[in-house]
Each structure stands twice: as C-alpha cells, then as structure tokens.
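In what follows, a structure is listed as structure tokens, so that the remarks can point back to it.
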Protein chains: 2
Amino acid sequence: MIRDHQKMIADKIRTESYRKAIMETVKSGDIVLDLGTGLGILAFFACQAGAQKVYAIEKSRIISVANQICWANRFQDKVTFIKDHSTKVKLPEKVDVIVTEVLGTFALDENILPSIVDARNRFLKLNGTLIPFRIELFLAAIESKAHYSVIEFWDSPLYGINFKPARAEMAKLPHAIRIKESECLSDAVSLKRFNLRTTDGISIDETISFPIKRTGILHGWGGWFEVQLSPEISISTSPAAPETHWKNIFFPSIVPMRVNAGDVINLHIRSVKRDDHTAWWWRLAYTISPYENSIIRLI
Amino acid sequence: MIRDHQKMIADKIRTESYRKAIMETVKSGDIVLDLGTGLGILAFFACQAGAQKVYAIEKSRIISVANQICWANRFQDKVTFIKDHSTKVKLPEKVDVIVTEVLGTFALDENILPSIVDARNRFLKLNGTLIPFRIELFLAAIESKAHYSVIEFWDSPLYGINFKPARAEMAKLPHAIRIKESECLSDAVSLKRFNLRTTDGISIDETISFPIKRTGILHGWGGWFEVQLSPEISISTSPAAPETHWKNIFFPSIVPMRVNAGDVINLHIRSVKRDDHTAWWWRLAYTISPYENSIIRLI
C-alpha cells in the first residue's frame with residue numbers, strides 16, 4: 001500500500017541511512033539490484049550514486065507508480081522495473097551491489113532471507129556487495145501491563161458471554177508494539193546474527209537465556225533488530241535507539257509470571273516459514289532456571 | 001484478524017445496540033441467520049434471546065475460535081457454524097431473522113449489500129426481519145489540512161527525488177480518518193438510503209449538492225453511515241454522534257479549493273464493485289455551481 005511507503009520514506013533515519021550507505025557503496029558504472037523496490041527510492045539513490053544500470057524488482061502493483069516516478073526524474077534509461085517475485089526472475093547479467101529494505105517488525109517477517117540468499121547466489125558477482133550485509137535479532141524480557149491488556153481483555157465475561165478461547169488465540173500471536181527501555185526486565189540478548197554474504201538462510205530454532213536484572217512481572221518478550229548497511233552505517237530498532245517507523249515485536253507469555261533479579265529465564269523460539277506472503281511465527285516454551293519449573297510463580 | 005474483533009467487541013455502542021435490537025427482535029423458537037459471524041457474538045446474543053437455531057456463516061478461519069467460544073458457553077446444540085461465503089451456502093430451512101454486522105468505514109466496503117440481498121431472497125421467511133433493516137450513507141464537505149497532509153506530503157522533492165506521481169495515487173484513494181464536526185464546511189447530505197427489505201443492492205452513481213455554510217478551504221468530502229437495527233435502535237458514525245470503533249471515510253479533493261458561504265458544490269460519486277475481498281471505490285468529479293467551472297478557485 002502506498003500509505004506504508006509514505007511512512008517508510010518519511011522515516012529519515014531509515015531513508016538517510018540507506019542513502020548514505022548507497023552513496024558510499026555504489027561506484028560509477030556499477031550494476032545494481034534492488035529487491036522489493038516499492039516506490040523505487042533505493043533504485044533512484046543508486047542512479048544518483050552513479051550506477052550504470054539498476055534492476056528494480058517488486059511483486060506488487062505499486063511498481064507502476066515507481067515507474068512513473070522514474071520517468072519524472074529522468075532515470076528511465078538506467079532503471080529496469082521487473083514486476084515479479086525475485087526468486088522467479090532471471091537477469092541478463094550479474095550485479096555489483098544488491099540492496100534491499102524488505103524489513104518487517106522483526107526483520108525477517110516477509111521471508112526476506114530466502115530471497116536474499118537466492119539473489120546473492122544467482123545474481124551477485126563474486127566480489128559484489130550486499131546492503132545490508134548483516135542482520136541481527138535481539139530479544140529482552142518485558143514487563144508491560146499495557147501491552148498485555150489485549151490478552152487480558154478476554155479473561156472476564158463480556159456481555160454475559162465467556163470469551164476465554166479468544167484469549168488463547170491472542171496469546172499465541174506476536175504483536176507489533178513500541179517497547180520502552182523502562183519495560184525491559186533483562187538486557188537485550190542476541191537471538192541470531194545473519195551474515196548475508198555467507199548465510200544459507202536457515203530458520204531459527206534456539207533456546208536463549210535472559211538474566212533478569214530487576215524484580216517484576218514477566219509479561220513476555222520484546223524483539224527488535226539491527227541491520228549493518230555498510231562498515232560505518234547501521235540502523236537499530238532497539239528501544240534505546242532513536243525512533244524509526246518500525247515498531248517492535250512482542251511475544252506474550254501465556255501467563256504473567258513474577259520474576260526476581262538474578263533469575264535466569266530460558267526461552268525456546270522457533271521460526272516457521274509459511275508461504276511467501278505470510279509472516280513468520282514463533283513458538284515459545286519457557287522455564288525459569290536454575291530451579292526449572294518448580295519456581296514458576298503464577299500470579 | 002482477532003485484533004479487529006477485539007476492537008468491535010470493546011465498542012459498547014456497537015455491541016450493546018446490537019444486543020438490544022436482537023433481544024427485541026428475536027422471539028423464543030426463532031430460526032436466525034448471522035451473516036459474517038466473526039467470533040459469534042451476535043449468534044450467542046440470539047441464543048440468549050431464545051432462538052431455537054442459529055446458522056452462523058463466516059468465511060475466515062476465525063470461525064474455529066467462535067466454535068470454541070460456543071462450546072465454552074454451552075450453545076453448541078443451538079449454533080451451526082458454516083465456513084464459507086454466504087452466497088455459496090445452502091440452508092436446510094428458511095429463517096425468521098437475518099442479523100449482520102459486516103459494516104466497514106463507509107458501511108458497504110466489504111460488498112455486504114449483495115450478500116444481504118442474496119441471503120434475504122434465498123433464506124428469509126416472507127414476514128421475516130432484518131437487523132439492520134436500513135443503511136443510510138451521508139457525506140459532508142470537509143476542511144482539514146491535517147487529513148490532506150498525506151497527499152501534500154508528496155508535493156515537494158524528497159531526498160532530491162521528485163515524487164509527484166505518488167501524490168496522484170494518494171489523491172485517488174479514500175482514507176479512513178475521524179472527522180470532527182468543526183471540519184465540516186456543509187451540513188451532512190444523504191447520499192443514499194438502502195431499505196434492506198426491498199433493495200436490489202445496485203451500486204451508487206449519484207451527483208449530490210453541498211450548500212456551503214462557511215467560507216474555507218475545501219480539502220475533500222467526509223462520509224459516515226447510520227444503520228437502523230430495530231424501530232427504536234440505530235447506530236450512527238456521524239462526527240456529531242458518540243464515538244464508535246468505526247472511523248469515517250475521507251475522499252480527498254484533487255486540489256484544495258477556496259469556497260465561500262452560499263456556494264453550492266456538486267459531487268459525482270460512484271461505487272465500483274471489485275471482487276468479494278476488495279473494498280468499493282469511488283470516483284469524484286466536481287463543479288461549483290451556480291457558476292460551474294469558471295469559479296473554481298485554485299489555491
């Protein structure tokens with residue numbers, strides 16, 4: 001939707017960071033590939049940086065607006081728009097730079113990883129560059145009655161009807177919210193770091209430990225990401241970083257639990273790839289160590 | 001999505017109004033059809049009102065949660081859930097009451113009208129009742145620099161790129177916003193009233209006139225609806241009525257125009273049916289009478 005593109009372009013941290021990274025990376029005469037070009041802004045930045053040719057791939061019909069914008073800016077001889085999913089596209093030549101910004105709330109939401117791996121393997125020159133070249137995911141234990149209220153909404157009868165089965169559905173979903181630093185019960189823990197030059201894009205299946213730094217109620221886990229666009233330039237959606245248009249992700253706990261400073265919480269998290277258009281999903285299972293299940297404190 | 005259902009159920013004006021209308025209308029032993037049942041709340045209200053049998057039709061997979069809620073409330077012998085689009089469903093008997101609340105921002109967004117007409121013609125007893133039995137759409141001329149800012153966003157170059165073609169796309173889209181009474185340059189004008197007992201559900205193709213009551217800048221037209229659920233009970237999403245979970249719709253003007261008290265603005269509005277899952281779209285063309293095009297004041 002064009003409204004979402006407006007939010008992305010209005011996000012100066014995102015757009016200026018990409019612009020700088022493209023200006024630093026793309027050299028005069030380079031061939032560039034923009035994966036999921038949207039309104040084409042990264043493709044146009046590549047033209048401004050001196051690219052000889054840009055392939056701009058986008059599966060949605062927003063690409064027709066990008067094409068009009070391309071003509072309005074007289075880049076039509078440099079940019080070739082291709083309306084398809086990148087994994088179905090064949091290019092007539094290899095490229096010097098692949099750039100992409102198909103990053104969701106928890107970075108990987110739109111199955112970007114397999115698309116990047118496929119594009120890198122088929123299209124990137126041996127000494128070519130990726131923007132970003134690294135994606136890292138972080139999680140922290142969260143106390144937030146406010147974010148948990150969408151789950152507790154269903155706890156009591158409404159209009160004389162028992163809605164508890166809806167509660168279970170809401171607790172199974174990740175939610176897009178904005179996390180405050182003050183809501184973190186633990187420091188950020190790295191869930192996984194993907195080096196896009198080498199990764200094979202396998203999905204996540206990890207158990208990670210959160211050392212609790214203050215006593216409180218554990219309502220769930222908050223997630224954010226950091227992307228390294230060039231050696232100098234990165235974007236972080238951490239609650240400690242300046243706000244971007246991205247929200248954070250919230251994986252609710254099935255029940256809120258009392259935790260104490262010094263506890264270590266273990267979370268098992270797994271990504272489940274659906275088809276191209278569906279978000280990834282995570283499943284949670286947790287214990288509190290060192291005492292394991294025995295000290296789970298239901299409140 | 002279950003999150004949308006939460007907003008609807010949390011909307012007390014909407015839910016209490018439907019509850020009262022169902023309690024008034026559904027008699028002991030009635031057969032009821034709930035079109036687009038969602039989490040099943042209207043079907044359960046019908047059970048509470050004494051219905052003997054309720055057919056609850058819903059095409060999305062939220063119906064599995066509705067079924068769990070049904071069992072939790074011990075209505076499983078009364079409610080039959082059918083996962084399909086209502087126009088593809090056959091029922092074993094005719095019904096006394098059809099109830100539906102598939103109402104979008106401008107009421108008809110989800111193509112509800114053809115579904116109601118089809119269900120009425122095939123399933124409703126000759127003396128049966130519809131909840132709602134009437135839907136009326138209203139429009140008013142609007143001054144709102146704030147709502148227009150999403151269009152003007154694209155007027156100036158961004159990061160050295162000319163994005164004007166995106167402006168034209170945004171001006172063609174209806175936007176979901178909340179209109180304030182103070183933003184109205186005219187009184188509300190009725191666009192169309194559908195009597196659901198008799199309508200054949202034909203689409204809208206009307207030219208309507210707005211007498212301007214104060215001088216200002218015309219940024220577009222705001223739309224809302226009123227549904228009559230029973231002779232006594234109605235819901236209005238007018239900016240003058242108490243706030244519900246529904247927003248209003250905003251049809252932007254291609255250019256903002258200065259209008260004076262006493263001017264009469266003519267708007268041509270047309271609904272275009274897409275497939276089942278797509279919203280309706282409206283196309284606008286306007287003149288200012290009595291001087292027609294000659295006095296359009298571009299600012």
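All chains are named by letter (A, B, ...) in the order of the sequence lines, taking the proteins before the strands, and each is independently numbered beginning at 1. Predicted model only: the values in this text are computed from it and were never measured. Only this structure's heavy atoms are used, side chains among them; waters, hydrogens and symmetry mates stay out.
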Is chain A contacted by the side chain of [X], its backbone, both, or neither, given a heavy-atom distance below 4.5 Å?
X      : answer
B:K12  : both
B:F153 : side chain
B:W71  : neither
B:N162 : both

* To do: Please indicate whether B:K7 has more than 12 foreign heavy atoms, meaning atoms of other residues, nucleotides or ligands, lying under 6.0 Å from its NZ.
  =>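 Result for NZ/B:K7: open.
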* Salt bridge between A:E101 and A:R14, side-chain N to carboxylate O under 4.0 Å? ->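 Answer for the salt bridge query: yes.
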* Asked: B:P252 and B:Y148: which non-hydrogen atoms are nearest, and at how many Å?
  ->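 Looks like CB-CE1, 4.0 Å.
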* **Heavy-atom pair of closest approach, residues A:T37 and A:D34** =>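 What the structure gives for the nearest pair is OG1-OD2, 2.6 Å.
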* Of the backbone (N, CA, C, O) and the side chain (C-beta and beyond), which part of A:A10 lies under 4.5 Å from a heavy atom of chain B, both, or neither? -> both
* Under 3.5 Å, side chain of B:E183 to main-chain N/O of B:S144, donor-acceptor pair present? -> no
* Determine yes or no for a side-chain-to-main-chain donor-acceptor pair under 3.5 angstrom, with B:T15 supplying the side chain and B:M8 the backbone. =>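 At least one qualifying donor-acceptor pair exists.
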Counting heavy-atom pairs closer than 4.5 Å to chain A, which one of [options] comes out on top?
options              : result
B:N73, B:V65, B:I41  : B:N73
B:Y159, B:F44, B:F75 : B:Y159
B:L158, B:L39, B:I62 : B:L39

